[in-house]
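All ligand and atom numbering here is 1-based and tracks the order in the structure. Values reported hereafter were calculated over all heavy atoms of this structure, with side chains retained and with hydrogens, waters and symmetry mates removed.
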Amino acid sequence: MIGSDKQAIEAPSAERAQRIIARCRELALVTEVPGETTRTFLASAMHRVHALVGSWMRAAGMSMYEDAAGNLRGVLAAADPDAPRLVIGSHLDTVANAGAFDGVLGVVLGVALVEEMVREARAAAVAAKSLPFAIEVIGFSEEEGVRFAKPFLGSLAVIGQLDADTLARTDASGVSVADAIRNFGLEPAELPEALLDDSSFGYLEFHIEQGPVLEDEGEALGIVDAIAGQTRMEFIFTGQANHAGTTPMGSLRRDALAAAAQWIGEVERYANDCAGLVATVGKVESSSRAGNVIAGKFVATLDVRHPLDEVRRASVAHFIDNAKDAGRKRGTTVDYTTSIDQLAVPMCSDLSALLRAAASRTTLREPPYITSGAGHDAMIIARRIPAAILFLRSPGGLSHHPDESVLPGDVEAALATGVEFLRTLRDDRAMLGRIAGRALRRKRENLHA
Ligand SMILES: [Zn+2]
């Protein structure tokens, strides 16, 4: 194993990309549901995942451990114990019947980047510990929110926000988050030790786009400028159920479905005309059970996302006004509730620019900025330290599906970009000092604020 690992580390970059893909596919075989890839928070299958990824971390020269939230942590130390630390990570859990790359790719790529840095140090005949910064790779235990209907348990733990309420949440069989941690052989009381090291100055996440934009633009890579804020609501249109044949059209008819239908059309029209806005009525339910009954009640969900919170809020206000309008003309009323009102999370412009420059130098193409419509661990980590995300094109825009894939050339480009990013920080000490110094200063200010 060690022999073949060593060979692979020294292989050309196309082979190294193939090896990253093979490792993701190997992890996809580790599952709690035979015949598919399903790994929820700290299910027993996660032991095998940690054993595999942990062995790759150790072979790469990292020390590794599991923290009390079940995150797998590998650290390549710097020569100076007080050196700043760069964190690279993503998640190891999956949705039900998942693909092989969502989350996992970011962890496997992180380990591969450490291998590359160690290899370059060896080639230059200097010790692996010669880097002026430490690298920590984190495989988060939970991002998808499948088991406890709350996402980001792993990343919340490392910023100290896995609170008592969350620890008391229970899954479908009545097991609490705290008990799930104990059942996995870990100790919830040790959660404070899971906090990011004080020296951590930046977080980098490699993730598949999970959408069709980069493929449509013919781009292998994209730099995430922000994770879109989102609003989720439910609208209830209320009219009067009645006979479809005997109730004339016009003022004697109060059709809740017709009011909602006009509103749904306006949601699509408005979003089509507003750059960067996505608005979706995804789930509807009519009270009418028969074709000859006017709907007295109609329930519809609304999901609105945009990178700028003010645009999202203005759009939501318009959709509320429009729903009331559609009702007024028909004598129907509308009630609404908001279940999620989540602010947009901008990524760090310094780290993103550095990542973009690294991608431009290695791929000879300037990757576009792209807004992430989905949440990622980076948006949680960004509450504590600057974060950046590199997206890889998703063939067919497909994700959360067994056919989810990546192109080997795109993985090669992402690996080369990551290596170039790390080389810049390694070789340009002034740049490292600026970026790390600014981040650590801001963190101290926030802690004291
Ligand atoms: Zn993911």
Next item on the list: Please report the shortest heavy-atom distance between L277 and F319, naming the atom on each side.
Entry: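 Residues L277 and F319, closest heavy atoms: CD2-CZ, 4.5 Å.
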Checklist line | Least distance between heavy atoms, F152 atom then E142 atom | finding: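 Closest pair (atom of F152, atom of E142, distance): N-OE1, 3.2 Å.
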Notebook entry, point to check: Counting only protein N/O/S, how many atoms fall short of 2.8 Å from the Zn ion (ligand 1)?
Noted result: 3
Note to self: In terms of relative ring orientation, are Y203 and F140 parallel, tilted or perpendicular, with 30° and 60° separating the classes?
What the structure shows: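 Tilted.
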Next item on the list: May I ask you to test the I21-V411 pair for a side-chain heavy-atom distance under 4.5 Å?
Entry: yes
Notebook entry, point to check: With sequence neighbours excluded, what pairs up with F235 under the ring pair (Phe, Tyr, Trp, His ring centres under 6.0 Å) test?
Noted result: W263, Y336
Note to self: I'd like to know if E366 and R356 make a salt bridge, using a cut-off of under 4.0 Å between side-chain N and carboxylate O.
What the structure shows: yes
